[in-house]
Each structure stands twice: as C-alpha cells, then as structure tokens.
Amino acid sequence: VQLQASGGGLVQAGGSLRLSCAASTSIFSTINDMGWYRQRPGKQRELVALIASGGTTNYADSVKGRFTISRDNAKDTVYLQMNSLKPEDTAVYYCYANIKTIPQMPFGKDYWGGGTLVTVSS
C-alpha cells in the first residue's frame, strides 16, 4: 500500500490550496476512512479532517467552514480543499487511510503518506 500526497506549496493568507492523495492498493483491498492530519512547527500531529467510505465527514474545529474534504472512491483518492488559509495553517500535511488489504482482516490497518508542506504567509 502506498499513499501519494500532492498539492502543497506557498500561499498568501486568505488564499486557497487543494491537496490530493491517491492510495495504491490491490483489488482485494477495502479502504475505510481516509483523511488528513497535520503537524505544525513545534506541535504534535493533529487531525484535520476525516471522511468515511460512505461520505461522513469529521473536521477539526479550527478548520470547520474553511476546509472541505472529499473522496473519489473509484480513484481511491482523497482531497482537501483549503480556503481562507491562515498563517497558523502552516504545517506538514499527512495523508491517512485505514485499509483492509484482504477481506479476511477483521479490522483495517492505518497507513500514512509522506507529508506535503503547506506554508501560509501573512
């Protein structure tokens, strides 16, 4: 299993960025939750947003109303649309997915993609 994230970069405060993360899995795999975490300078990794396979979403309070998570199950891809970015959103953003690689697994396993840096200038 591989998670490949893209879309980070430098943006001014108030701007927008869209992150994408594609999961490479086998045909026997089932992807449960997908989402994004971030690690701000000097802070621990924290949840940004999660989306279940059926579309139910969960957001950190700090991003509600500004960020939107979505997924394309046919492409095994999760997106994070980030609007009204603030300097405090500066962080390395990590893609996450919970995946059952074979049907016999009772629970999925957590997988992480390499981080993508988002820098918001004031």
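None of these values were measured; they are calculated from a predicted model.
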Transitive ILVMFWY side-chain link L47 to V92, under 4.5 Å:
yes
Do L19 and L50 share a hydrophobic cluster, counting only Ile, Leu, Val, Met, Phe, Trp and Tyr and linking them when any side-chain heavy atoms are less than 4.5 Å apart?
no
In short, ring-ring contact (aromatic ring centres under 6.0 Å, His included) pairs touching residues 48-86 with sequence neighbours left out are none
Using the rule given for salt bridge (charged side-chain N to carboxylate O under 4.0 Å, His left out), can you reason through D89 versus K86, listing the C-alpha separation, both sets of side-chain angles and the distance that settles it, and then say yes or no?
CA-CA 5 Å; D89 295 318; K86 304 175 181 180; over 6 Å; no
Measure the spacing between CG of N58 and NZ of K64 and express it to the nearest 0.5 Å.
7.0 Å
Residue pairs fulfilling disulfide (SG to SG under 2.5 Å) with at least one residue in residues 13-116, sequence neighbours excluded:
C21-C95
Does the ring of Y94 carry R45 above it, NZ/CZ under 6.0 angstrom from centre and within 45° of its axis?
yes
Under 3.5 Å, is there a donor-acceptor pair between the side chain of R71 and the main chain of G54?
no
I'd like to check K100 versus P106 (side-chain heavy atoms, cut-off strictly below 4.5 Å). Are they in contact?
no
Going by the disulfide (SG to SG under 2.5 Å) test, which pairs reach into residues 47-85, not counting sequence neighbours?
none
Between E88 and R40 (salt bridge meaning N to carboxylate O under 4.0 Å), is one present in this structure?
no
Spatial distance of atom CZ (R38) from atom CE (M82) [nearest 0.5 Å]:
9.0 Å
Mind checking the CG-CG spacing from L17 to L85? Nearest 0.5 Å is all I need.
5.5 Å
Just verifying a value: how many Å separate I31 CD1 and N73 CG, rounded to the nearest 0.5 Å?
7.5 Å
Under 3.5 Å, is there a donor on one side chain and an acceptor on the other for D110 and N98?
yes
I want to check something: taking the side chain as every heavy atom from C-beta on, are R18 and S6 in contact at a cut-off of under 4.5 Å?
no
N/O donor-acceptor pairs under 3.5 Å from side chains in residues 115-122, not counting sequence neighbours:
unit_1 : atom_1 : unit_2 : atom_2 : d
T116   : OG1    : G8     : N      : 3.2

Gap between atom CE of M34 and atom OG of S70 - 0.5 Å precision:
10.5 Å
Straight-line distance of T25 OG1 to D76 CG, nearest 0.5 Å:
4.5 Å
Start with the C-alpha distance between I51 and V78, add both sets of side-chain angles, then the distance that settles side-chain contact (heavy atoms from CB on, under 4.5 Å), and finish with yes or no.
CA-CA 8 Å; I51 183 166; V78 62; 4.0 Å; yes
Not counting sequence neighbours, which residues clear side chain to side chain donor-acceptor pair (under 3.5 Å) with N83? List them please.
S16, Q81
Residue pairs passing the ring-ring contact (aromatic ring centres under 6.0 Å, His included) test where at least one lies in residues 1-44, sequence neighbours excluded:
Y37-Y96, Y37-W112
